[in-house]
Every structure is written in C-alpha cells, then in structure tokens.
Amino acid sequence: MTLVETLRRLPKLMLSGNQGKGLVGPILIILILSMMILPLPPFLLDLLFTFNIALSIMVLLVSMYTLKALDFAAFPVVLLFTTLLRLSLNVASTRVVLLEGHTGPDAAGKVIEAFGHFLIGGNFAVGVLVFIILVVINFMVITKGAGRIAEVGARFTLDAMPGKQMAIDADLNAGLIGEDVARKRRAEVAQEADFYGSMDGASKFVRGDAIAGLLIVVINIVGGLIVGMLQHDMGFAEAGRAYTLLAIGDGLVAQIPALVISTAAGVIVSRVTTDEDVGRQLTGQLFANPQVLFLTAGVVGMMGLIPGMPNFAFLLIAGSLIWLGRRGMQRAASGVDVAAAAAPAPAEVESQEATWDDVALVDPLGLEVGYRLISLVDRAQNGELLGRIKSIRKKFAQDIGFLVPVVHIRDNLELKPNAYVVKLKGVQIGHGEATPGQWMAINPGQVSATLPGTQTKDPAFGLPAIWIDSSLREQAQIYGYTVVDASTVVATHLNHLIHGHAAELLGRQEVQQLLDRIGKESPMLVGDLVPKTLSLTTLQKVLQNLLDEGVPIRDMRTILDVLAEHAPTVTDTTELTSLIRLALGRAIIQQIFPGNEELQVMGLDAALDRVLLQALSNSKGLEPGLADSLLRETQSAMARQAELGLAPVLVVQHPLRVLLARFLRRSLPQLKVLSHAEIPDASTIKVTATIGGKA
C-alpha cells in the first residue's frame with residue numbers, strides 16, 4: 001500500500017470501529033504537540049478554547065454520575081491529556097498575544113476578549129485579583145485536598161489488597177462464586193490499586209498546571225510590555241492595559257476549565273462507593289431527615305428576624321427548608337402506608353406447587369463447623385483455614401493428578417461448639433474437635449516430658465495429643481512435641497480424608513475434564529481412545545482402581561497409551577489396572593522409596609507363597625483359617641518394619657498382587673502391596689521381614 005493510498009484511507013480508518021478508537025490517542029497527542037509548535041489563527045484558538053471548556057464540563061459530569069471510581073478508570077489519562085491541552089493552548093495563545101497584541105483586544109480571538117472584558121469588566125486590576133484567587137482555590141484547596149485523598153486512598157488500597165484477595169479465594173473455596181467471577185474480582189482489585197496509584201501521581205499534573213498558568217500570565221504581561229514598548233512604540237500605560245487584559249483573559253480561559261477538572265478529580269477520589277451517583281447521595285442523605293430541615297429553618301428564620309438583616313433572603317430560605325421538610329414527612333408517611341397495605345398480601349397467597357428448584361443437591365465435599373470455629377472460616381476475621389483449604393486442593397491436584405470439588409463450608413449449630421464434621425456426598429466421613437487460640441501438641445512417641453493441658457487425639461492419625469496455651473508452644477517443641485494450630489489440625493485432617501477417599505471424589509465430570517486437558521496437547525490420543533475404544537465409565541473405573549491403591553494419575557499420557565494398546569483385547573478393569581501399574585512401576589517405587597536404590601521390604605515365605613498360588617488357581621479364595629493366619633503374620637511383619645523405621649511394603653509375585661492387595665487393604669490400609677514385575681531392574685530388593693516364616 002503506497003503513502004498516497006494510506007492518506008486517502010485514513011479518514012475511513014479513523015471512523016471504523018475499534019481502529020478509529022485506537023487512533024484517537026495518537027492523533028490527540030500529535031495535535032497537542034502541533035499547537036505548541038505551529039502558529040494558530042484566532043478563529044481556531046476560539047474553537048479550541050471552547051472545546052477545552054466543553055471537555056472539562058463533560059469530565060465533571062461523568063465524574064458526578066459514576067457509581068464507583070473504576071467506572072471512570074481512564075480519568076488519570078484524561079487528566080494528563082486535558083492538562084497538556086490547556087498548556088498547549090496557553091503556548092499557542094501566548095505566541096499570538098505577543099505577536100498581535102498591539103492590534104487590539106481581539107488579537108487572540110473572541111473567547112479571550114470576552115473573558116478579558118465581560119468577566120472582569122475590562123479592569124485589569126480586578127482581573128489580576130480574580131485570576132490569583134482562582135489559582136489559590138485550585139492550587140491550595142481543591143488540588144491539594146484531592147491529592148492528599150488520592151495518596152491516602154492509594155496507600156490504603158495497596159494495604160487492603162492481600163485481604164481482598166483472601167476474601168475472593170475464600171468465596172471461591174466455599175463455592176459462593178465460580179472461577180470466572182473470582183478472576184473478574186481479582187482484576188478489579190488490581191485495577192483499583194492501579195487507579196488510586198495513578199491518581200496519586202496524576203494530581204501532580206493539576207498542581208503543576210496551576211503554577212504554569214500563573215507563570216504564563218506573568219510572562220505574557222512582562223513580555224507584552226517589552227514587545228509593545230520596544231517594538232511597537234506604545235506607551236507604558238497603553239501597553240500595560242492592552243497586554244494585561246489579553247494575558248488575564250488568556251489565563252482565565254485556561255484556569256476556569258482547570259478548576260472544573262480539579263473539582264472532577266476531587267469528586268472521583270473523595271466519593272464513597274455505593275449504588276448511587278453523587279447527586280442522589282447528596283439529595284438522599286443531606287435532605288433525607290425532616291427534623292434537620294425544620295431545625296435549620298428555625299435557626300435561619302430567627303436570624304432573618306434580626307433588625308438590619310436581609311429579611312427576605314433569610315425568610316425565603318427558611319420557608320424553602322420547611323417546604324422540603326413537609327415533603328419528606330409526606331413521602332415517609334406514604335411509604336409506611338404502602339408497606340402496611342402490602343404486608344397482609346403474602347398471607348392471602350395460596351401455597352405454591354413444589355418445583356425442581358426446591359430440590360436441594362448434595363455437595364460432593366462439605367465441611368460443617370461449630371460456632372466457635374466460625375472464626376477459622378470467616379473471611380471477615382481473616383480465617384486461616386480458607387487459605388489452607390485452597391492450598392490443599394492445589395497441592396492435591398499437583399500430586400494426585402485431578403482437582404477435587406470445591407469444599408462447601410457451613411456452620412452447624414447442632415454440633416458441639418468446637419466440633420467439625422467432614423462430609424462426602426452428604427455422608428459423614430470424619431469428625432474432630434479444635435480449639436481456636438490454642439495449639440495441639442502431638443506426641444510422635446519420643447517426648448521428654450509431659451505438658452499441662454486438655455488430653456485429646458490427633459484426628460487425622462489418632463496420635464495422642466494435648467491442647468496447650470500459646471505460652472507453652474516453644475516449651476512443647478523443646479520436649480519433642482509436634483505443635484500445630486487449630487487451623488492446621490482441621491486442614492491436615494481434611495487433607496488426610498481427601499487422599500483416603502480420592503477414588504470416590506473422581507466422578508465422570510472430573511474424568512472428562514482430565515480428557516479435555518490432555519486433549520489440548522494430544523488430541524489424537526484422546527479422540528482415538530474415548531469413546532471409540534473405551535467408554536468413559538470404564539476409564540473412570542480404571543482410574544478409581546489406581547486411586548484406591550494409592551497410585552497417582554498424574555501421568556495420564558502413559559495411562560492412556562497403555563489403555564490404547566490393551567483396551568481392544570482386554571475388557572476387565574482389574575486386569576487393565578494391573579497393566580497400567582506395570583507401566584507406572586518406576587513412578588510407584590519412586591513414590592514409596594524416594595531416591596533409594598535398595599528397597600527394604602517384606603516378603604512371603606516360600607511355602608505360604610505356594611499355598612496362595614494354589615488357592616488362586618482353584619478360584620475358591622482364601623480359607624478362613626489361612627486368611628486369619630495371613631492377616632496375623634502380616635501385622636507382625638509390619639510391626640518389625642516399624643521398629644526398623646521402614647515403610648510397610650510387601651512384595652509378591654505378580655499373580656498374587658491383586659488378591660493380597662484387596663484382602664489386606666481392608667484391615668491394613670497403610671500397607672502397600674507390590675509385585676516383582678513392577679520393580680525396575682536397577683533396583684535392589686532386600687527382604688527385612690518374612691510373612692509365614694522367621695524374620
């Protein structure tokens with residue numbers, strides 16, 4: 001596209017949608033800079049001065065009708081542009097005043113002439129005083145006050161940001177809002193901080209503008225005297241009158257819009273955010289109380305009766321206030337009548353039919369607390385438990401491989417004051433008690449002394465513990481106790497329950513979201529497998545089997561690869577799970593034995609191994625006597641492992657793994673059952689305890 005074609009299409013681009021809006025800023029800056037450099041004729045100065053006045057009035061009205069500061073988030077930029085516009089007009093008018101001021105009062109345009117004659121009556125002394133008063137009002141009162149409010153507002157807004165973010169996270173964790181709403185609120189908090197920070201700096205523009213306006217007027221007067229007397233042979237009085245009137249008119253025509261813009265800045269930063277604009281706030285709160293109006297009318301009326309006072313003015317205002325008070329009383333009375341008339345109406349309405357909206361759905365995961373634990377989950381009281389629950393869900397998603405549902409938190413007055421209950425799909429899966437303000441000292445088994453306090457048990461792992469005062473916290477740590485606060489107690493218990501019921505928390509929706517997540521990176525893998533080869537229900541069952549056995553499902557790519565290979569010929573979900581475990585063997589071993597090449601595990605006695613294989617081949621299951629003996633021997637072997645400080649891991653032949661894992665998991669959930677095929681070749685196995693034989 002040539003330069004000529006670009007110039008020919010420029011007007012269309014300026015008027016076409018978002019492209020035109022995007023060109024407004026650059027074009028405005030170019031025009032402002034051009035006015036500082038290029039000479040402007042008086043007629044164009046009149047148009048620009050009029051536009052400046054209209055723009056300042058528009059900004060003031062917009063600031064009056066906004067409901068909150070962010071509704072006019074562009075105000076700091078508008079403040080910068082209007083300041084530059086006024087200064088560029090001052091420069092352009094100064095050039096015309098100094099060059100053409102000797103020709104008459106309309107040398108710089110009709111607007112400056114009107115401000116120089118009509119507003120100050122042609123008296124340059126009055127004009128100087130009026131201009132100085134306007135500069136003092138703008139600089140010392142409005143701008144300084146607005147700047148201070150913006151500074152304090154920026155400081156308080158930045159200090160309040162962490163609390164606001166925590167409140168948003170608390171609402172998100174409690175299920176009160178969704179991810180989109182939370183993201184929008186976080187953006188609003190950041191925008192609010194940016195706005196007040198920008199306003200703190202932008203207020204300096206107005207202050208500098210007031211100083212620059214005063215200096216420009218002085219320069220115009222002094223420069224006009226020099227130019228008129230030396231270049232145009234004018235007398236001192238004649239030059240002083242001509243150039244002073246032009247300088248004062250130029251200063252006033254720029255200073256009045258500056259005063260309006262400063263007022264708009266004060267309105268923006270000083271208003272309190274409500275659902276009403278400034279006008280409704282003033283009328284609704286200033287004239288809302290009839291008693292205030294009547295008392296004010298009485299005081300003003302008494303002052304109007306004093307001899308020598310302007311009686312008519314005082315009595316007129318008093319009468320107006322009485323009229324406003326009577327109108328307010330009438331509106332209040334009519335409102336009461338309407339409310340009284342409408343009150344019996346609900347009693348006459350017949351009971352409505354039940355609808356599907358009356359059906360209360362069960363929360364997938366819920367936490368109910370007694371009234372003394374409300375402070376732990378109340379965002380207004382900076383409840384720490386809300387942040388911990390958020391961290392639990394995030395850590396679980398990173399470690400296990402899917403995001404558990406939001407934990408819905410409610411208070412339950414039927415519980416004990418310090419009690420809490422964790423529910424899964426409306427059914428209680430755990431409960432405990434916590435004491436806010438105190439610390440739980442958990443005895444890991446090797447403490448050197450006892451502590452005074454309330455004896456209890458750790459709700460997550462059942463270890464003996466004591467609730468102690470905060471003053472004993474350091475002493476308890478010295479004695480060897482593990483010391484945690486009430487929020488940590490509840491959070492740890494909740495985390496333990498979520499991991500223990502991970503399979504039940506993985507629903508069809510979560511599985512579909514997992515597939516959608518993998519599908520973004522490997523669309524062919526997901527598209528060819530589900531639902532063409534494998535149904536979503538079967539995939540969910542396989543993943544639940546893995547979670548039941550404590551295997552994370554983070555490596556979904558490997559899981560789907562194995563299913564894509566074997567699902568066409570293998571339909572049993574248990575067998576598919578075993579095949580996946582073989583593929584994930586290295587990750588399973590790394591999870592149990594992080595960084596260890598030698599695996600110190602439990603094993604089966606050779607005789608017991610043969611008996612179990614025979615029982616498996618007969619498909620009759622374990623005989624009661626054999627089952628009791630196996631359970632007893634396993635418990636003894638686990639006790640020996642615990643004495644050695646080793647993990648309770650049993651390694652068996654691959655055909656026996658599923659049988660023993662299902663049987664032993666019911667009574668010994670902490671036991672891990674592995675098969676020899678799942679252990680990498682580089683790892684070394686050392687049997688430290690034998691089941692069915694001697695250690």
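Keep in mind the model is a prediction, meaning the values are calculated, not measured.
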Side chain to side chain, F593 and S683, heavy atoms closer than 4.5 Å: no
side-chain contact (heavy atoms from CB on, under 4.5 Å) assessment of L674 paired with I589: CA-CA 9 Å; L674 305 178; I589 298 301; 3.4 Å; yes
Side-chain (T533) to main-chain (D528) donor-acceptor, under 3.5 angstrom: yes
Backbone N/O of A503 and side chain of Q544: donor-acceptor pair under 3.5 Å: yes
Working for side-chain contact (heavy atoms from CB on, under 4.5 Å), residues L506 and V511: CA-CA 7 Å; L506 182 69; V511 176; 3.9 Å; yes
Min side-chain heavy-atom separation V421-N412 under 4.5 Å: no
H566 (side chain) donor-acceptor with V562 (main chain) under 3.5 angstrom: no
Heavy-atom check, side chain of L463 versus side chain of N443, under 4.5 Å: no
Heavy-atom closest pair, residues I468 and P452: CG2-O, 3.6 Å
Which residues share a ring-ring contact (aromatic ring centres under 6.0 Å, His included) with H499, sequence neighbours left out: F396
D378 versus S375, side-chain donor and acceptor atoms under 3.5 Å: no
Sub-4.5 Å side-chain heavy-atom contact between I518 and R557: no
Lys/Arg N to Asp/Glu carboxylate O, R665 vs D548, below 4.0 Å: no
Heavy-atom side-chain proximity of L515 to L539 below 4.5 angstrom: yes
Heavy-atom side-chain proximity of E510 to P405 below 4.5 angstrom: yes
Rounded distance (nearest 0.5 Å) linking atom OG1 of T577 with atom NZ of K541: 8.5 Å
Step-by-step salt bridge (Lys or Arg N to Asp or Glu O under 4.0 Å) determination, D485 to R388: CA-CA 12 Å; D485 60 359; R388 295 181 187 275; 3.4 Å; yes
Sidechain-backbone polar pair: S629 side chain, G625 backbone, donor-acceptor under 3.5 Å: no
Stepwise side-chain contact (heavy atoms from CB on, under 4.5 Å) check, T537 with R508: CA-CA 7 Å; T537 303; R508 291 175 61 88; 2.6 Å; yes
Reported CG-to-NZ distance for the pair D399 and K394, which is rounded to 0.5 angstrom: 12.0 Å
pair L543-M556: side-chain heavy atoms closer than 4.5 Å: yes
K425/E504 ion pair, N-O < 4.0 Å: no
Side-chain H-bond candidate by donor/acceptor type, R640 with T688, under 3.5 Å: no
Heavy-atom closest pair, residues K457 and G462: CD-O, 3.9 Å
Side-chain (D605) to main-chain (A607) donor-acceptor, under 3.5 angstrom: yes
Spacing of W467 atom CH2 and T435 atom OG1 [to the nearest 0.5 Å]: 5.0 Å
Under 3.5 Å donor-acceptor, D469 side chain and L472 backbone: no
Option passing side chain to side chain contact (heavy atoms under 4.5 Å, CB included) with I691 (candidates L660, T634, D609): T634
Partners passing ring-ring contact (aromatic ring centres under 6.0 Å, His included) against H676 (at least two apart in sequence or in another chain): none
Spacing of W439 atom CH2 and E474 atom CD [to the nearest 0.5 Å]: 10.5 Å
Exam field: side chain Q641 to backbone A647, donor-acceptor pair closer than 3.5 Å: yes
Nearest-0.5 Å distance that lies between atom NE2 in H496 and atom CD1 in I429: 10.0 Å
Side chains of D516 and Q512, donor plus acceptor under 3.5 Å: yes
Nearest atoms (heavy-atom pairs only) where P552 meets G550: CD-O, 3.5 Å
Side chain proximity check, T450 to I466, heavy atoms < 4.5 angstrom: no
Nearest non-hydrogen partners of L664 and L671, listed with the distance: CD1-CD2, 3.6 Å
Exercise: identify the closest heavy-atom pair between S578 and V658: OG-CG2, 3.5 Å
Any donor-acceptor N/O pair, Y481 side chain to M440 backbone, under 3.5 Å: no
N/O donor-acceptor pair under 3.5 Å between R393 side chain and V404 backbone: yes
Residue pair L367, L385: steps toward the side-chain contact (heavy atoms from CB on, under 4.5 Å) verdict: CA-CA 11 Å; L367 173 64; L385 185 55; 4.0 Å; yes
Straight-line distance of L413 CG to Y371 OH, nearest 0.5 Å: 9.5 Å
salt_bridge(R632, D628) N-O dist < 4.0 Å: no
Minimum heavy-atom distance S675-R657, with the two atoms named: N-CD, 3.8 Å
